[in-house]
Amino acid sequence: MQSFMEIVTTRRSIRRFESRPIEDDKMMRILEAARWTPSWANSQCWEIIAVKDEKRLQSLAEMVSPKNPATLAIAKGPVTLVICGKKKQSGYYKGQQSTKFDDWLMFDLGLITQTLSLTAHAEGLGSVVVGFFNHEKAAELLEVPAEYEVVALLPMGYPDHAPSPPKRREVPDFLHNETFSKK
Ligand SMILES: Cc1cc2nc3c(=O)[nH]c(=O)nc-3n(C[C@H](O)[C@H](O)[C@H](O)COP(=O)(O)O)c2cc1C
């Protein structure tokens, strides 16, 4: 069994999958883990659409720029999880914006997306977060109500390649001590 540190550091964005489907019990374990993601005041504003239908996946892939390296992952992968969020819920108290940031939806959806992708990796699966696509068209295709945003796509499947890790900033490059000016 991989340690948590190994899972975090060896997860890579996977953009090519084998055609075999993901077992239902595996997908349920991934979603069960995702359920425990933290969120603003436990608001859990997320909704996830699992798209497996080939034609629908093809239509979804057409909403991603052909230049996007993840397009084929959607078109050819066995499933894409569509990460949606209810607007004006996260970061709101009694319907009023609580902080300077309008909506914490993006933050909470980022967290659940990370839980999904790390758990998928721990289960031997690969995934890639896709944020560059036509969000309005995707919402239309998937009949998402107006009070929700379609934020990200997460194609997932058994990896068909093992990419090397893109370079990361070193800890001292982003760690500040006590105040921003002190590195
Ligand atoms: C919010 C977000 C949006 C992303 N959008 C895309 C995308 O549209 N297409 C793509 O191929 N990768 C996308 N990625 C994946 C990143 O390019 C990738 O995580 C980064 O290069 C680091 O590589 P690694 O995930 O293998 O460590 C996205 C990642 C995040 C977090």
Side-chain angles (χ1 to χ4, degrees), residues 2-19 22 30-31 33-34 37-40 44-51 56-87 90-91 101-142 144 148-175:
Q2 296 184 89
S3 70
F4 184 70
M5 194 65 179
E6 277 170 331
I7 291 165
V8 172
T9 55
T10 62
R11 180 216 54 80
R12 290 281 70 76
S13 291
I14 301 297
R15 298 178 176 87
R16 281 202 320 269
F17 304 115
E18 294 177 7
S19 55
I22 298 172
I30 294 165
L31 292 166
T37 299
S39 61
W40 178 280
Q44 305 166 69
C45 70
W46 44 71
E47 303 288 333
I48 295 173
I49 307 172
V51 181
R56 198 169 281 112
L57 285 172
Q58 189 57 49
S59 306
L60 206 50
E62 283 163 19
M63 289 160 193
V64 181
S65 157
K67 285 189 186 141
N68 194 317
T71 308
L72 282 180
I74 299 163
K76 305 258 183 232
V79 62
T80 288
L81 299 181
V82 182
I83 317 294
C84 311
K86 188 159 194 203
K87 293 184 260 186
S90 178
F101 302 111
D102 176 28
D103 200 321
W104 283 75
L105 158 150
M106 299 294 279
F107 194 97
D108 289 354
L109 296 189
L111 289 174
I112 196 168
T113 303
Q114 176 73 331
T115 310
L116 288 164
S117 68
L118 286 178
T119 315
H121 177 50
E123 291 281 344
L125 298 170
S127 66
V128 57
V129 182
V130 182
F132 186 32
F133 62 100
N134 189 320
H135 298 78
E136 281 81 22
K137 279 194 175 167
E140 208 179 296
L141 174 78
L142 304 172
V144 175
Y148 296 84
E149 294 281 8
V150 174
V151 172
L153 308 174
L154 191 69
M156 193 180 282
Y158 284 94
D160 205 16
H161 68 144
S164 44
K167 216 170 174 320
R168 294 307 212 255
R169 294 166 71 198
E170 299 293 338
V171 173
D173 289 347
F174 60 80
L175 180 67

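Start at 1 with the first residue, then count along the sequence. For the numbers below, each heavy atom of this structure counts, side chains included, while hydrogens, waters and symmetry mates do not. As the structure lists them, so they are numbered: ligands from 1, and atoms in each ligand from 1.
The ligand atoms of ligand 1 that sit less than 4.0 angstrom from a heavy atom of R12 are 24 (P), 26 (O), 27 (O).
To the nearest 0.5 Å, atom CG of residue L142 and atom SG of residue C84 are 7.0 Å apart. The distance from atom CG of L116 to atom CG of L125, rounded to the nearest 0.5 Å, is 11.5 Å.
With a 4.0 Å heavy-atom cut-off, ligand 1 is reached by the backbone of A70 and by its side chain too. If you look at R168 next to ligand 1, the close heavy atoms, those under 4.0 Å, all belong to the side chain. With a 4.0 Å heavy-atom cut-off, ligand 1 is reached by no atom of V64. Residue contacts with ligand 1 for V129 involve both N, CA, C or O and side-chain atoms from C-beta outward (heavy atoms, distance under 4.0 Å).
The side-chain hydrogen bond (donor to acceptor under 3.5 Å, both in side chains) analysis of residues 119-138, with sequence neighbours excluded, yields the pairs T10-H121, R29-E123.
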Next item on the list: Kindly indicate, with the supporting measurements, whether the criterion side-chain contact (heavy atoms from CB on, under 4.5 Å) is fulfilled by I14 and V128.
Entry: CA-CA 5 Å; I14 301 297; V128 57; 5.8 Å; no
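Residue G131 places at least one N or O, backbone or side chain, under 3.5 Å from an N or O of ligand 1. When only interatomic distances are considered, the shortest N/O to N/O separation between F132 and ligand 1 falls below 3.5 Å.
Atom 16 (C) of ligand 1 has its closest protein heavy atom at R15 NH2, 4.0 Å. For atom 26 (O) of ligand 1, the closest heavy atom belonging to the protein is S13 N, 2.7 Å.
Open room surrounds CZ on F107; 12 or fewer heavy atoms of other groups in view lie less than 6.0 Å from it.
A61 approaches T71 most closely through the heavy-atom pair O-CG2, 3.5 Å.
Using a 4.0 Å threshold on non-hydrogen atoms, atom 22 (C) of ligand 1 counts as touching the protein.
One option in N68, I74, V130 has a heavy atom closer to atom 9 (N) of ligand 1 than any other, and that option is N68.
Not a single heavy atom of P165 sits closer than 4.0 Å to an atom of ligand 1.
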